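Keep in mind it's a predicted model, so treat the numbers as computed, not measured. Numbers here simply count residues along the sequence, with the first being 1. Note that ligands are numbered from 1 as they come in the structure, with each ligand's atoms numbered from 1 the same way.
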Amino acid sequence: MTAIAVLGSTNMDLVAYVAHAPKRGETVTGREFRTIPGGKGANQAVAAARAGGEVSMVGAVGSDDFGALLRHTLVSSGVDIDLLRTADGPSGTAHIVVDDEGANSIVVIPGANGTVTALAPGDEALIATADMLLLQLELPLSAVLDGAEAARRHGVRTILTPSPAQPLPPELLAVTDLLVPNEHEAATLTGVADPHTAAEELLRLVPEVVITLGSAGSLYATRGATPLTVPAPEVTAVDTTGAGDTFVGALAVALGEGKPMPQALGWAAAAAALCVQRPGASTSMPYRSEIDNAS
Ligand code: ATP
Ligand code: RIB
């Protein structure tokens, strides 16, 4: 089994389903409201565990009711939460609008996630025993950097999802093995809209890049080789929330099990395609048998 450590956020997603997202100053009547466990870190942890990884989660929930629910979601998906802290105060929340095309817009309030500014005792020892460490940018950058540097000290592969998009310090890029931006994040990081050109730019900073391209699949680039495009299965998306996280969680498991990159990307795409056909983040993440059947 692939041992995966995740250092990242937990959020309760407060989701409004509407025909179209309101413009500035506009009020719209939605169809439905749901409270769904999410957060990029927890989503990647759940996705990887359901895909067959042995997963541990480092981060923090709040001391509110959401915190207890977020813990429960992780545990019930088989994620080890021994090192998940509880911070006094509210859990992270994500305020999400999903439109009739399945596209979303999100405001994240960090809550407890904002208290994770550095590794705590025990975190580095856990990272040291993992095959890989999954990181995103919903925790303070200082903690993300701490985690990535700890992983590098112990020869653990780091996979960074640079989301929400923001400029990345060179120290973090220096300890990132695989960067997985979506095309907008890749454009923000490089100033270049074309994903192929953006991938070339990113390879100056990290050795391997996967740019996810929504329904168009993904683009893999590594130094000294021709880039590879892997398609996504054609499906009808009802809610893409968590698609990128599902993709990364499944990709990590596949790579840890020794699948070559093209096959691993195809397997991750099958997992993400299952995710987009169901509402919600953690609620939509597929189990291994479903991914195997779909790929
Ligand atoms: P999100 O923020 O919605 O979780 P993202 O913006 O991080 O996702 P995307 O590039 O939109 O990332 O999607 C990640 C992966 O999910 C894609 O590479 C693809 O495999 C899959 N995916 C996303 N949308 C679709 C879709 N409409 N149909 C099939 N697969 C999809
Ligand atoms: O990537 C999807 C996640 O982003 C949601 O679950 C939400 O919590 C936001 O953090």
Side-chain angles (χ1 to χ4, degrees), residues 6 8-16 34-47 59 61 66 69-70 73-74 91-99 101-114 134 136-139 160-165 179-188 195 198 209-220 228-251 254 264-286 291 294-295:
V6 181
S9 59
T10 55
N11 294 328
M12 188 54 80
D13 292 353
L14 309 173
V15 192
R34 291 194 194 185
T35 305
I36 302 175
K40 293 186 194 303
N43 290 345
Q44 293 189 1
V46 167
V61 296
F66 286 162
L69 281 165
L70 290 165
T73 299
L74 288 161
S91 294
T93 49
H95 304 258
I96 305 182
V97 174
V98 178
D99 68 25
E101 288 171 22
N104 61 50
S105 36
I106 306 182
V107 174
V108 173
I109 309 288
N113 298 303
L134 306 188
Q136 322 74 33
L137 300 178
E138 285 187 342
L139 294 184
L160 173 64
T161 303
S163 178
L179 189 68
V180 190
N182 66 19
E183 52 193 317
H184 310 293
E185 291 146 8
T188 302
V209 177
V210 173
I211 301 182
T212 62
L213 306 169
S215 58
S218 64
L219 170 68
Y220 170 67
L228 169 79
T229 305
V230 176
E234 267 187 49
V235 297
T236 302
V238 300
D239 181 356
T240 65
T241 311
D245 300 326
T246 302
F247 184 92
V248 168
L251 180 65
L265 290 170
W267 202 70
L274 289 164
C275 162
V276 304
Q277 294 175 77
R278 307 163 180 167
S282 60
T283 41
S284 66
M285 282 156 187
I291 309 171
S295 59

Can you list everything that forms a side-chain hydrogen bond (donor to acceptor under 3.5 Å, both in side chains) with Asp13? Sequence neighbours excluded, please. none
Is the closest side-chain heavy-atom distance between Val46 and Leu74 below 4.5 Å? yes
Test item: Gln136 and Ser163 side chains (from C-beta on) under 4.5 Å apart, heavy atoms: no
Kindly compute the distance separating CD1 (Ile211) from CD (Glu183), expressed to the nearest 0.5 Å. 8.5 Å
Got an N/O contact under 3.5 Å between Gly242 and ligand 1? yes
Quick note on ligand 1: atoms under 4.0 Å from a heavy atom of Thr240 include exactly 1 (P), 3 (O), 4 (O)
For ligand 1, is there an N or O atom under 3.5 Å from any N or O atom of Thr212? yes
Answer whether the closest heavy-atom distance between the side chains of Pro110 and Glu138 falls below 4.5 Å. no
Run through all N or O atoms in ligand 2 and write down each protein N or O closer than 3.5 Å, as a pair with its distance.
unit_1   : atom_1 : unit_2 : atom_2 : d
ligand 2 : 1 (O)  : Lys40  : NZ     : 2.8
ligand 2 : 1 (O)  : Asp245 : OD2    : 2.7
ligand 2 : 4 (O)  : Lys40  : NZ     : 3.1
ligand 2 : 6 (O)  : Asp13  : OD1    : 3.4
ligand 2 : 6 (O)  : Asp13  : OD2    : 2.6
ligand 2 : 6 (O)  : Gly39  : N      : 3.1
ligand 2 : 6 (O)  : Asn43  : ND2    : 3.0
ligand 2 : 8 (O)  : Asn11  : ND2    : 3.1
ligand 2 : 8 (O)  : Asp13  : OD1    : 2.6
ligand 2 : 8 (O)  : Gly39  : N      : 2.9
ligand 2 : 10 (O) : Asn11  : ND2    : 3.0
ligand 2 : 10 (O) : Glu138 : OE1    : 3.0
ligand 2 : 10 (O) : Glu138 : OE2    : 2.5

Considering only distance and modelled atom types, tabulate donor-acceptor pairs under 3.5 Å from the side chains of residues 269-282, sequence neighbours left out.
unit_1 : atom_1 : unit_2 : atom_2 : d
Gln277 : NE2    : Ala273 : O      : 2.9
Arg278 : NH1    : Ser284 : O      : 3.3
Arg278 : NH2    : Glu290 : OE2    : 2.3
Ser282 : OG     : Pro37  : O      : 2.7

The protein heavy atom nearest to atom 7 (O) of ligand 1 is Gly244 CA, 3.6 Å
Examine Gly217 against ligand 1 and note whether any of their N/O atoms are separated by less than 3.5 Å. yes
Which protein non-hydrogen atom lies closest to atom 30 (N) of ligand 1, naming both residue and atom, and how far is it? Ala232 CB, 3.7 Å
Determine whether Thr241 and Val15 satisfy the following criterion, side chain to side chain contact (heavy atoms under 4.5 Å, CB included), listing intermediate values before the conclusion. CA-CA 10 Å; Thr241 311; Val15 192; 5.8 Å; no
Protein heavy atom under 4.0 Å of atom 2 (O) of ligand 1: no
One finds that the ligand 1 atoms under 4.0 Å from a non-hydrogen atom of Val235 are 28 (N), 29 (C)
Atom indices of ligand 1 within 4.0 angstrom of Pro233 heavy atoms, with elements: 29 (C)
When Leu219 is tested against each of Thr212, Leu213, Val209 for side-chain contact (heavy atoms from CB on, under 4.5 Å), which residue passes? Leu213
Stepwise, does the side chain to side chain contact (heavy atoms under 4.5 Å, CB included) test hold for Leu265 with Leu251? CA-CA 6 Å; Leu265 290 170; Leu251 180 65; 3.8 Å; yes
Counting only heavy atoms closer than 4.0 Å, does ligand 1 sit against the backbone of Leu213, its side chain, both, or neither? backbone
Just need the protein heavy atom nearest to atom 21 (C) of ligand 1, so name the residue and atom and give the distance. Ala272 CB, 3.4 Å
I need the contact type for Ala237 against ligand 1. Using non-hydrogen atoms and a strict under-4.0 Å cut-off, is it side chain, backbone, both or neither? side chain
What part of Ser163 sits under 4.0 Å from ligand 1 if we count only heavy atoms: the side chain, the backbone, both or neither? neither
By side chain to side chain contact (heavy atoms under 4.5 Å, CB included), Thr35 pairs with (sequence neighbours left out) Met12, Leu14, Phe33, Phe66
Ligand 1 and Asn182, any nitrogen or oxygen pair closer than 3.5 angstrom? yes
Pick one: which of Val98, Asn104, Thr246 meets side-chain contact (heavy atoms from CB on, under 4.5 Å) with Thr240? Asn104
Please determine which of Val61, Asn43, Thr73 meets the side-chain contact (heavy atoms from CB on, under 4.5 Å) test together with Thr10. Val61
Nearest protein heavy-atom contact for atom 31 (C) of ligand 1: which residue, which atom, what distance? Gly214 O, 3.8 Å
Student check: side-chain heavy atoms of Ser91 and Leu70 closer than 4.5 Å: yes
